[in-house]
Amino acid sequence: MTEEEMRRYRYLRKEIAVERERMAKMAGDERAKRIAEIIAEKIERAETEAERIERYIADVEEPVVRMLMVERYIHGRSWRVAGQRIGWRSEDAARKTVKRYFKKEGK
């Protein structure tokens, strides 16, 4: 998993919500049935990718790194706020901790 893939999480969740809304508007429209099937496939792909990211974070053994990843990539918080949420004052410490983890993992 790369940091870039992690950053996509929030957009995947947004895409899923938007596409579900589109599908709901198409309900009952026979002409839109094929389009709804395509949308359902897009939702499935986005959900699979989001689950992969969630699993990756859940499998991180270091609790501090895991908490920072949840705050940053899942909740979309800034590095400053992510650090504060776990009791740190330094934005740099939070960012560098996660960056070091990716580097150590070869990502």
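By convention here, the first residue in the shown sequence is residue 1.
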Check ion pair Glu62-Lys104 (N to O, under 4.0 angstrom): yes
Between CG on residue Asp92 and OG1 on residue Thr97, distance to nearest 0.5 Å: 10.0 Å
Electrostatic pair Glu37-Lys33, nearest N-O below 4.0 angstrom: no
Nearest-0.5 Å distance that lies between atom CZ in Arg72 and atom OG in Ser78: 7.0 Å
Shortest non-hydrogen contact from Glu15 toward Ala46: OE1-CB, 3.7 Å
Rounded distance (nearest 0.5 Å) linking atom CE of Met69 with atom CD1 of Ile74: 10.0 Å
Candidate pair Arg45 and Glu41, rule side-chain contact (heavy atoms from CB on, under 4.5 Å), full reasoning: CA-CA 6 Å; Arg45 283 194 312 268; Glu41 290 170 9; 4.2 Å; yes
Distance in Å, Leu68 CG paired with Arg85 CZ, rounded so as to fall on 0.5 Å steps: 11.5 Å
Parallel, tilted or perpendicular: rings of Phe102 and Tyr56 (30°, 60°): parallel
Spacing of CD1 belonging to Ile39 relative to CD belonging to Glu44, to within rounding of 0.5 Å: 14.5 Å
Pair Arg52 + Glu49, salt bridge at N-O below 4.0 Å: yes
Stepwise side-chain contact (heavy atoms from CB on, under 4.5 Å) test for Met23 and Ile43: CA-CA 10 Å; Met23 280 186 63; Ile43 291 170; 3.7 Å; yes
Chi angles and distances behind the side-chain contact (heavy atoms from CB on, under 4.5 Å) call for Ile57, Met1: CA-CA 10 Å; Ile57 293 172; Met1 179 76 55; over 6 Å; no
Lys/Arg-Asp/Glu bridge criterion (N-O < 4.0 Å) met for Glu51, Arg55: no
Check: Glu71 main-chain N/O paired with Arg77 side-chain donor or acceptor under 3.5 Å: no
Steps toward side-chain contact (heavy atoms from CB on, under 4.5 Å) verdict (Glu3, Val98): CA-CA 9 Å; Glu3 187 176 4; Val98 173; 5.6 Å; no
Closest non-hydrogen atom pair between Tyr73 and Tyr9, with its separation: O-CD2, 3.6 Å
Nearest non-hydrogen partners of Ile16 and Glu47, listed with the distance: CD1-CG, 3.4 Å
Gly83 versus Ala94, closest heavy-atom pair with distance: CA-CB, 3.9 Å
Distance in Å, Glu4 CD paired with Arg7 CZ, rounded so as to fall on 0.5 Å steps: 5.0 Å
Smallest separation among heavy atoms of Leu12 and Ala50, with atom names: CD1-N, 3.9 Å
